[in-house]
Every structure is written in structure tokens, then in C-alpha cells.
Colleague: 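This is the structure, below, for whatever I ask next.
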Amino acid sequence: MTADQARELAQLEIWKEVGFEIDKFIAFEEVKLRQCRPEELIAVQDKIKVYEAVKNLPQHVIDREE
């Protein structure tokens with residue numbers, strides 16, 4: 001994907017809807033974060049990081065390409 005394509009993607013209404021859905025996944029994991037056992041903490045944090053990375057994909061591409 002090029003930086004221009006990433007900018008275009010970020011402006012699409014469907015991408016915004018995807019972001020809202022990812023936010024729901026993140027919120028669910030945040031609830032688990034507050035209630036998890038210490039040995040589960042890293043896995044839950046990593047999952048949240050992945051969701052955030054996917055949500056920010058257009059910006060990551062733009063940053064990489066510029």
C-alpha cells in the first residue's frame with residue numbers, strides 16, 4: 001500500500017466503522033485486563049497492542065512511506 005492509498009483508506013467511512021469495531025474489541029480486552037490473573041497480563045496487553053496497531057494501519061503505512 002502506498003502513502004496515498006493509506007490516506008484515502010483513512011478517509012473512507014467503512015474504515016471508520018472498522019475502527020469503531022476494533023475499539024469494541026479493545027474495550028472488551030481492557031475489562032479482562034482489570035480482572036486477569038498476573039500470568040495472563042502480558043497476553044492481554046499484547047492483544048490490545050495488536051488491535052491498536054491494526055486500527056492505526058493507515059498511519060503506519062504513511063509513516064513508513066514518508
Side-chain angles (χ1 to χ4, degrees):
M1 179 182 314
T2 66
D4 288 336
Q5 290 170 323
R7 281 188 198 90
E8 185 178 337
L9 176 61
Q11 297 303 313
L12 294 176
E13 190 62 35
I14 191 71
W15 182 255
K16 292 175 186 174
E17 292 299 321
V18 169
F20 293 139
E21 292 302 317
I22 292 172
D23 284 340
K24 291 177 187 177
F25 284 119
I26 291 170
F28 178 75
E29 292 300 323
E30 286 173 340
V31 169
K32 287 170 45 177
L33 188 64
R34 293 184 195 101
Q35 301 171 352
C36 71
R37 296 181 305 224
E39 59 271 12
E40 299 171 324
L41 181 63
I42 300 297
V44 174
Q45 288 175 326
D46 288 345
K47 205 171 202 182
I48 291 170
K49 288 176 188 175
V50 169
Y51 286 137
E52 289 173 340
V54 171
K55 183 178 174 188
N56 294 316
L57 180 63
Q59 188 60 51
H60 291 304
V61 172
I62 293 166
D63 293 344
R64 180 191 70 213
E65 295 294 314
E66 293 182 339

Colleague: Would I14 end up clustered with I22 when hydrophobic side chains under 4.5 Å apart are linked, directly or stepwise?
Modeller: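 In one cluster: yes.
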
Colleague: Could you report the tightest heavy-atom contact between Q5 and M1, atom names first, then the distance?
Modeller: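 What the structure gives for the nearest pair is OE1-CA, 3.2 Å.
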
Colleague: Apply side-chain contact (heavy atoms from CB on, under 4.5 Å) to the pair Q11 and E8, showing each step before the final yes or no.
Modeller: CA-CA 5 Å; Q11 297 303 313; E8 185 178 337; 5.9 Å; no

Colleague: Is it true that V44 and F28 fall in one hydrophobic cluster, defined by side-chain heavy atoms closer than 4.5 Å?
Modeller: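 Shared cluster, no.
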
Colleague: Show the nearest heavy-atom pair for residues H60 and A53, with the distance to one decimal.
Modeller: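 Answer, listing the atom of H60 first, then A53: CD2-O, 3.4 Å.
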
Colleague: What's the separation between atom CD1 in I42 and atom NZ in K47, rounded to the nearest 0.5 Å?
Modeller: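 Separation between the atoms: 15.0 Å.
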
Colleague: Would you name the heavy atoms of L41 and L33 that are closest together and state the gap between them?
Modeller: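 So the two residues come closest at CD1-CD1, 3.4 Å.
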
Colleague: If every non-hydrogen atom of A10 is compared with every non-hydrogen atom of K16, which pair is closest and at what distance?
Modeller: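 For A10 versus K16, the nearest heavy atoms are O-CE, 4.0 Å.
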
Colleague: As an exercise, state the distance from CG of L9 to CH2 of W15, rounded to the nearest 0.5 Å.
Modeller: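 Atom-to-atom, L9:CG and W15:CH2 are 5.0 Å apart.
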
Colleague: Using a strict threshold of under 4.0 Å (side-chain N to carboxylate O), is an ion pair present between K49 and E52?
Modeller: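 No salt bridge links E52 with K49.
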
Colleague: Quick one: pull up OG1 in T2 and CD1 in I62 and give me the separation to the nearest 0.5 Å.
Modeller: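 The CD1 atom of I62 is 9.5 Å from OG1 of T2, to the nearest 0.5 Å.
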
Colleague: Rounded to the nearest 0.5 Å, what separation is found between the CD atom of E29 and the NZ atom of K32?
Modeller: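 One finds 3.5 Å between CD of E29 and NZ of K32.
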
